[in-house]
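Below, chains carry the letters A, B, ... as their sequence lines are ordered, and counting in each starts from 1.
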Amino acid sequence: MQFELQKTADNSRARAGVLTTDHGTIETPIFMPVGTAGSVKGIHTRDIKEDIKAEIILGNTYHLYLRPGIDVIEKAGGLHKFNRWDKPILTDSGGFQVFSLGDIRKLSEEGARFQSHIDGSYHMFTPENVMDIQRTIGADIIMAFDECTPGDADYDYAKRSLELTQRWLERCFKQFNSTEPKYGYSQSLFPIVQGNTFTDLRKAAVANVKNFDADGYAIGGLSVGETEQEMYEMTEVCTADLPENKPRYLMGVGTPVNILEGIHRGIDMFDCVMPTRNGRNGMLFTSEGILNMRNKKWENDHSPIDENGTSFVDQYSKAYLRHLIISNEMLGAQIASQHNLAFYLWLVKTAREKIQSGEFVSWKNEMVLKLKQRL
RNA sequence: GGGAAGAUACCGAAGCGGUCAAACGGGGCAGACUGUAAAUCUGUUGGCUCAGCCUUCGUAGGUUCGAAUCCUGCUCUUCCCA
């Protein structure tokens, strides 16, 4: 994997670059639709590629391991063949599930013992087997196995957790470096910077991950309950010290505003369930602001859901989409998800253009005001 | 024509003398959702000059300190027998 930094904005850390993988190139900054269980919920890969114009999608180790099971993915020839997506894939390691599963998991030095949310059966994730599983899933970018602490964790817990994540990281790289890709294309392992909302821990975490010559670096443990201000501050702390010539991935973020502010602070890659989950639940993100499609005011509004939208679904009327969502029709969730993803991809693509043309900061400031509006 | 059961808020449906402006479900309205245990969850749903008051359980009367709950007439609905 190679990363070429093409342009850095004036008065901003925003960057435009190109990430090259064996499954094609990714122009950064980029948003990556989340396809947890091997599917971006409700959207065909054809539309993800041709309509939404996504360049990379996510999968999740935890979910795919539990169902359908890694043996099934291996027999399919890897996730790309299984779900018919021939562009890059990134898999999350399951670290976030270890965090969000709460009381049905137990951490130890060895790893995380947890119960399946599907059938209650017991399983163990270790840095080693998580690397092996991600080798088998066959993602182009695989993530280190980490512990994600909640936003309100105290300093002592955050510090102890970070130290565990760092010991796990060494084991991740050791296992990763002693194994080979299974399907003939290369894979890259991204370490994850933890440290919660504590500047010194974040700085130490960045220094630690730089010991490994990784193809890219992720920032985790944000957007998990801390304030937006804290999230931005920690992002800045991290990007200040991360290598310039490698992509930075801010995990799980965020709202359209969060993404622009993240780009402004030097982030190149984002993923978030928000466009799909909130879309399914009736919320639309547009360049003019946020719409709750369930609201009565759209009942007889026959204008397109997004005049400026880039997706073909944007030509459906607000009244029709409201009807579908109120009626709990599958198509409503699909249209809303597809619109939101296309909007997110438009947003990062436009940010990239503005970085290259030198207009990023003023454009960003203008957009942020509009994006926050409730229509 | 005879008999039986029933009429409760937007709809369905509990309640069968006081703790009932009335359970519960649906529908309506609004909110939440950030490396997806989420096509999910939460709030609200008679009116008002809102820690109180007013109107409401088919309708008109009655019994009672007190009635959605008991009694009588009427209206309507469903079922059974002719």
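Here B/G35 presents its C1' atom at 11 Å from CG of A/Leu222, a figure rounded to the nearest Å.
Applying the 3.5 Å distance criterion, the base of B/U36 shares a donor-acceptor pair with the side chain of A/Thr276. Below the 3.5 angstrom threshold, one finds a donor paired with an acceptor across the side chain of A/Asp146 and the base of B/G35.
Of the candidate nucleotides B/A37, B/G35, B/A39, B/A37 has the atom lying nearest to any side-chain atom of A/Gln97.
OP1 or OP2 of B/G31 lies within a sub-4.0 Å distance of a side-chain N or O belonging to A/Asn292. Of the side-chain N and O atoms in A/Asn295, one or more sit less than 4.0 angstrom from OP1 or OP2 of B/A30.
At the heavy-atom level, A/Ile192 lies under 4.0 Å from base atoms of the strands shown. In this structure, A/Arg374 reaches the sugar-phosphate backbone alone: every heavy-atom distance under 4.0 Å involves primed, P, OP1 or OP2 atoms, never a base. Among the heavy atoms of the strands, none lies under 4.0 Å from A/Glu226.
Contacts with RNA chain B (heavy atom under 4.0 Å) in residues 309-346 of chain A: A/Arg322, A/Ile326, A/Asn328, A/Met330, listed by number.
Between A/Glu180 and A/Arg135, none of the side-chain N atoms (NZ, or NE/NH1/NH2) sits under 4.0 Å from a carboxylate O, so this pair counts as no salt bridge.
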When the side chains of residues 37-49 of chain A are checked against the rest of the protein, which donor-acceptor pairs come out under 3.5 Å, sequence neighbours left out?
| unit_1 | atom_1 | unit_2 | atom_2 | d |
| --- | --- | --- | --- | --- |
| A/Thr45 | OG1 | A/Arg84 | O | 3.2 |
| A/Lys49 | NZ | A/Asp86 | OD1 | 3.0 |
| A/Lys49 | NZ | A/Asp86 | OD2 | 3.3 |

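Under a 4.5 Å side-chain heavy-atom cut-off, the cluster of Ile, Leu, Val, Met, Phe, Trp and Tyr residues that includes A/Phe96 is completed by A/Phe99, A/Val224.
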